[in-house]
Enquirer: 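The following block contains the structure, expressed as structure tokens.
Per chain, numbering begins at 1; letters A, B, ... match sequence-line order.
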Amino acid sequence: MTRFLSILTALALSLTAHTAQVAAQTSPGPLRLEITEGVIEPLPFAIPIFIAENAAASDAAQDITRVISADLRGTGLFREVPASAHISSVTSFDSPVQYADWRAINAQALITGSVEQTSNGQLVVRFRLFDVFADQPLGDGLQFVGSPESWRRMAHNVADQVYERITGETGYFDTRVAFISESGPKNARLKRLAIMDYDGANVQYLTDSRAIVLAPRFSPNGDRVIYTSYESGFPQVYLMDVATVTRRPLDALPDTMSFAPRFSPDGNRVVYSESVGGNSDLYLLDLNSGQRTRLTQAPSIETAPSFSPDGTQIVFESDRSGTQQIYVMPVSGGEARRISSGDGRYGTPVWSPRGDLIAFTKQLGGRFHIGVMRTNGSEERLLTASFLDEGPTWAPNGRVIMFTRETAGADGAPALYSVDISGRNLQRVATPGMASDPAWSPRLP
Amino acid sequence: MMSFSKIALLTAALALSACAQGGFGARGANTVDLNAAQGALDPASPAYFNQTVGDRVLFAVDQSTLTPEARATLAGQAQWLMTNAAFTAIIEGHADEQGTREYNLALGARRANAVEEFLVSQGVAANRLRTISYGKERPIEICSEESCYQQNRRAVTVIAAGAGA
């Protein structure tokens, strides 16, 4: 009986999956992917290798095509129809599109492009996006010009355009991630502040491994990173200029420890924790005037703050109730309202760049989760579960969260993962070695 | 003979300071071997403080309250510090890995402060003590089980030369 039931259930499940797929394939109207839909069948696209307009652009054309495809596939929202299935071959950027050939292989979107290396050494990337089933282009063709070294950024820019035109959401491929690169055994970890492209390329180290460094955050325009370092022998907040790799300590008071710094949305202020006499409270520092304001005055732990995107409120964690919970208060301090209400402990709240959600770390029954809730604490949703997940950071479009996942045991190691706010598409982010404490940059200017 | 024991003491002190630097309350194997070879420790040595008085106290999960056992150890630490006025101490607060990074930093600060306050209450001059939190950054035991966690939820009093600030 039990067996019969389980077979029935399996049948029902496969039927549902099948109809969902059919519906996605035959849906009428212009090409459009609603990310908020409950079930998403990845949208099939074709991307013939971009035309190399001259021999010097041949490698770049292949590399750029590969990165665009990887960006789109990595979202979990798109799948590529492999080149081996293509019927048409694109021989020139301006040749007419044979829509029927792309419909025949069920490519709903077609991306074509060309790459040229100009005589003055610039790389020119052009692309067009087509809605195959509507027999028409989706938006205008676009051209990007840059140095050959910036080919990855140009590829990410093309992918951002495709993503935006099809989903209606802002893309997040032309972004960077600040993180802590780790090496060595668990009881003597070496940590370095590093930044990389969101997909793990172009890793650059900003500190050496002499001092422990923790929990970096990008400034709103990505030009500075703020983090905690033990380089003075004691934990202190530092401000690093990314372009010049120069740093200075902020607000170093004797016999205090400062940590958990975050930028305000305008980049002019920093909220952080300072521990005096074993008691951690939140402070606001004006970077221009140096003026410091104490925001909380409680014997409990107040830390892990995060500004609302409009800059009027701060979400933070406190154990004033006896366990770690999440609170929201005005940016000027004052009365805080608790928003977390489920079982377990809640920490590391981070306000979504869209303003609608707060991501957090939850500890319950010896497991760690990354979750999201509305800013009033309602509609809590856990997205992940593992031995140790912590420290969410938002993609600038508020659709994807990156975090640290650490494995258990003497050989336990941290790595970066990303997940959709739907809980789908959990992926490990490529890093050269162990990595923790990711912080996603805004879209690069 | 006199000069021999002086050299032995110096060696022990050197090994100890290396241990303190490598740090985070790890009991250096070299220190133990050396001292075992030398027999009884000089009661005025940091090695005596670490091994006989006890340089660390342990805490319950997510707590910074001193247990009766911890208070007994700390009373001995206070006694030693008052007898040996040529030393200062840095109190390290640590947490196990079962917590978020920044919360554990704050928790380690609380633990270090609980130890500092107790030592001061016993008569140790506050300007000879300093605290630092390592949160969960420097576990001494590396398994992911309670047997290791309980050793990592600690405050370690690290003795250093110097008369205080």
Enquirer: Working note: A:T303 + B:L105, criterion side-chain contact (heavy atoms from CB on, under 4.5 Å); need CA distance, chi angles, decisive distance, verdict.
Expert: CA-CA 10 Å; A:T303 191; B:L105 267 186; over 6 Å; no

Enquirer: What closest approach, in Å, do B:A106 and A:F259 show between heavy atoms, and which atom pair accounts for it?
Expert: CB-CZ, 3.9 Å

Enquirer: Return the set of residues passing ring pair (Phe, Tyr, Trp, His ring centres under 6.0 Å) with B:Y149 (not counting sequence neighbours), or none when no residue passes.
Expert: none

Enquirer: Select one option (side chain, backbone, both, neither) describing which atoms of B:S64 are under 4.5 Å from chain A's heavy atoms.
Expert: neither

Enquirer: Shorter than 4.5 Å, heavy atoms on both sides: which option in B:C143, B:A109, B:S144 has the most such pairs with chain A?
Expert: B:S144

Enquirer: Where does B:A112 contact chain A at under 4.5 Å (heavy atoms): side chain, backbone, both or neither?
Expert: neither

Enquirer: I'd like to know whether B:E102 forms a side-chain contact (heavy atoms from CB on, under 4.5 Å) with A:E317, so could you lay out the CA-CA distance, the side-chain angles of the two residues, the decisive distance to 0.1 Å, and finally the verdict.
Expert: CA-CA 10 Å; B:E102 288 166 343; A:E317 63 171 73; 6.0 Å; no

Enquirer: OH/B:Y134 to CG/A:L214 distance, rounded to the nearest 0.5 angstrom?
Expert: 11.5 Å

Enquirer: Which atoms form the tightest heavy-atom contact between B:R110 and A:S300, and what is the distance?
Expert: NH2-CA, 3.6 Å

Enquirer: Could you tell me if B:T100 and A:Q324 have a donor-acceptor pair between their side chains, going purely by distance under 3.5 Å?
Expert: yes

Enquirer: Please determine whether the number of non-hydrogen atoms from other residues, nucleotides or ligands lying under 6.0 Å from atom CZ of A:R247 exceeds 12.
Expert: no

Enquirer: Heavy-atom count check: over 12 atoms from other residues, nucleotides or ligands less than 6.0 Å from B:E146 CD?
Expert: yes

Enquirer: So which part of B:D62 gets closer than 4.5 Å to some heavy atom of chain A, the side chain, the backbone, both or neither?
Expert: side chain

Enquirer: What part of A:D411 is in contact with chain B, defined as an atom under 4.5 angstrom from a non-hydrogen atom: side chain, backbone, both or neither?
Expert: neither

Enquirer: Non-hydrogen atoms of chain B under 4.5 Å away: do they reach the side chain of A:I301, the backbone, both or neither?
Expert: both

Enquirer: Between chain B and each of A:A408, A:A188, A:G366, A:A260, count heavy-atom pairs under 4.5 Å; write down the option with the most.
Expert: A:A260

Enquirer: If you look at every heavy atom in A:P235 and B:I132, which pair is closest and at what distance?
Expert: CD-CG1, 3.9 Å

Enquirer: Are any side-chain N or O atoms of A:Q363 and backbone N or O atoms of B:Q98, one a donor and one an acceptor, separated by less than 3.5 Å?
Expert: yes

Enquirer: Quick check: under 4.5 Å, non-hydrogen atoms only, which of residues 269-280 of chain A neighbour chain B?
Expert: A:S275, A:G277, A:G278, A:S280

Enquirer: Report which part of B:E97 has an atom under 4.5 Å of a heavy atom belonging to chain A: side chain, backbone, both, or neither.
Expert: both

Enquirer: Look at B:K136 together with A:E390 and state whether they make a salt bridge at an N to O cut-off of under 4.0 Å.
Expert: yes

Enquirer: Within the supplied structure, the quantity of interest is the number of heavy atoms (other residues, nucleotides, ligands) at a distance under 6.0 Å from A:R210 CZ; does it exceed 12?
Expert: no

Enquirer: Please give me the minimum heavy-atom distance between A:Y230 and B:S133, naming the atom from each residue.
Expert: OH-O, 2.6 Å

Enquirer: Name the member of A:G347, A:A215, A:G409 that forms the most heavy-atom pairs with chain B at distances under 4.5 Å.
Expert: A:G409

Enquirer: Side chain, backbone, both or neither: which part of B:R101 has a heavy atom under 4.5 Å from chain A?
Expert: both

